[in-house]
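Worksheet for the structure shown next.
By convention here, the first residue in the shown sequence is residue 1.
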Amino acid sequence: MHNINTVAIVLAAGQGKRMNSTLPKVAHLLAEKPLIIWAIESLMAAKIKNFIPVISPTQNLVKEIITSKKFSSNMNLQFAYQNEQLGTAHAVFCGAKLVMDLYKNQIPSNLMVIVSYGDTPMVKAETFKKLMDLHLKQNNSFTVLAFKAEDPFGYGRIITNANGELIAIREQKDCSKEEENIQICNSGILCANYSNLTAILPLIKNNNLAKEFYLTDIPIFALEQRLKIGLMVEDEEAQFLGVNTQEQLQELENRLILEKL
């Protein structure tokens with residue numbers, strides 16, 4: 001079912017200034033394979049065949065890397081362009097607008113969307129499968145993928161009520177002293193019903209210092225609309241290590257080397 005009624009919006013438009021490189025961030029190699037290819041191959045292994053990578057119009061190299069890769073012949077691919085870096089929710093909005101094109105204006109009523117990242121290459125196919133299965137089983141509007149961090153500093157924290165239900169995602173800078181001790185952190189990855197996602201995205205505001213539209217605001221508006229939000233927590237933190245610097249890239253390279261020993 002997943003490969004028929006699921007589309008992956010892969011965020012890959014980041015400039016990667018902290019990489020100190022002329023290459024787009026997701027074009028950097030991990031074990032001789034571009035980061036973006038790691039991300040897409042994992043989603044494909046989870047039986048997803050419909051893809052909308054969101055890239056910058058100035059990063060033709062990323063498009064070339066993806067189109068030159070010999071993926072399965074039944075892969076459906078559309079590129080979305082984020083002309084300005086206005087945040088994760090804005091990037092997803094750019095991708096969601098192309099779903100109609102991808103499905104030739106015939107959107108399945110039960111269409112799911114997976115939002116993932118081109119600079120988070122180690123998420124396992126099995127994790128994506130579990131996320132989609134849980135989303136369907138619980139009949140959620142949104143299902144957030146979280147993980148338990150040994151040191152949560154810097155991550156967005158998952159805020160739950162007394163019943164363990166997700167009520168907010170709190171960024172590090174906004175956490176209270178008590179919330180800073182929460183070890184369950186946001187991966188940024190989520191599964192959503194297409195209809196619910198496209199209804200919520202326009203409601204998100206950029207009332208923050210960066211003037212960006214954040215995907216982490218989805219729970220606020222979803223709960224206001226009385227939509228059901230699920231939560232899946234993984235123990236394996238290493239899956240969710242992103243790449244923002246050359247040092248982080250080297251750390252992942254070292255992890256892969258150790259796994260092969």
inquiry  = Can you tell me how far apart CE (M232) and CG (L131) are? Round to the nearest 0.5 Å.
reply    = 5.5 Å

query = Does some side-chain heavy atom of N196 sit less than 4.5 Å from a side-chain heavy atom of Q225?
reply = no

task = Could you pull out the closest heavy-atom pair between L43 and S116, with the gap in Å?
result = CD1-OG, 3.3 Å

ask   = So which heavy atom on L61 is nearest to which on P24, and how close?
value = CD2-CD, 3.9 Å

message = If I take atom CD1 from residue I107 and atom CE from residue M100, how far apart are they, to the nearest 0.5 angstrom?
response = 5.0 Å

query = Can you tell me if E212 uses its side chain to pair, donor with acceptor, with the backbone of L86 under 3.5 Å?
reply = no

Where at least one partner belongs to residues 35-92, residue pairs that pass ring-ring contact (aromatic ring centres under 6.0 Å, His included), sequence neighbours excluded = none

inquiry  = Quick check for you: to the nearest 0.5 Å, what is the distance between I65 atom CD1 and N60 atom CG?
reply    = 11.0 Å

inquiry  = Pair E251, R255 - check salt bridge (charged side-chain N to carboxylate O under 4.0 Å, His left out), show working.
reply    = CA-CA 6 Å; E251 180 184 347; R255 284 178 177 272; 3.7 Å; yes

request  = Without swapping roles, check the side chain of N163 against the backbone of E165 for a donor-acceptor pair under 3.5 Å.
outcome  = no

note = Hits for side-chain hydrogen bond (donor to acceptor under 3.5 Å, both in side chains) against K69, two or more places apart or cross-chain, chain-then-number order -> E41

ask   = Judged by atom type as modelled, is there a donor-acceptor pair below 3.5 Å linking the side chain of E179 to the main-chain atoms of I159?
value = no

note = When rounded to the nearest 0.5 Å, the distance separating CG of L197 from CD1 of I218 is 5.5 Å

request  = Would you please classify the geometry between the F147 ring and the F240 ring as parallel, tilted or perpendicular, with 30° and 60° separating the classes?
outcome  = parallel

Side-chain (S42) to main-chain (A125) donor-acceptor, under 3.5 angstrom = yes

ask   = Without hydrogens or angle criteria, can the side chains of N193 and H135 be said to hold a donor-acceptor pair below 3.5 Å?
value = yes

key: Atom OH of Y194: over 12 foreign heavy atoms under 6.0 Å   = yes

query = Does T88 use its side chain to pair, donor to acceptor, with the backbone of L215 at less than 3.5 Å?
reply = yes

query = Looking at side-chain heavy atoms only, is the closest gap between Q15 and Q59 below 4.5 Å?
reply = yes

inquiry  = For E224, is there any backbone N or O sitting under 3.5 Å from a side-chain donor or acceptor partner on R226?
reply    = no

query = Sub-3.5 Å donor-acceptor pair from the side chain of Q82 to the main-chain atoms of S56, do we have one?
reply = no

query = If only atom types and distance count, is the side chain of K228 paired as donor or acceptor with the main-chain N or O of Q138 below 3.5 Å?
reply = yes

key: Side-chain donor/acceptor of Y117 to backbone N/O of G242, under 3.5 Å   = no

key: Non-hydrogen atoms of E253 and L29 that approach each other most closely   = OE1-O, 4.2 Å

key: Rounded distance (nearest 0.5 Å) linking atom CG of N50 with atom OH of Y103   = 3.5 Å

ask   = Between the main-chain N or O of Q172 and the side-chain N or O of E180, is there a donor-acceptor pair closer than 3.5 Å?
value = no

ask   = Do you know which two heavy atoms are closest between L227 and F142, and how far apart they sit?
value = CD1-CE1, 4.0 Å

key: Atom pair OG1/CG of T120 and L11 - distance to nearest 0.5 Å   = 9.5 Å

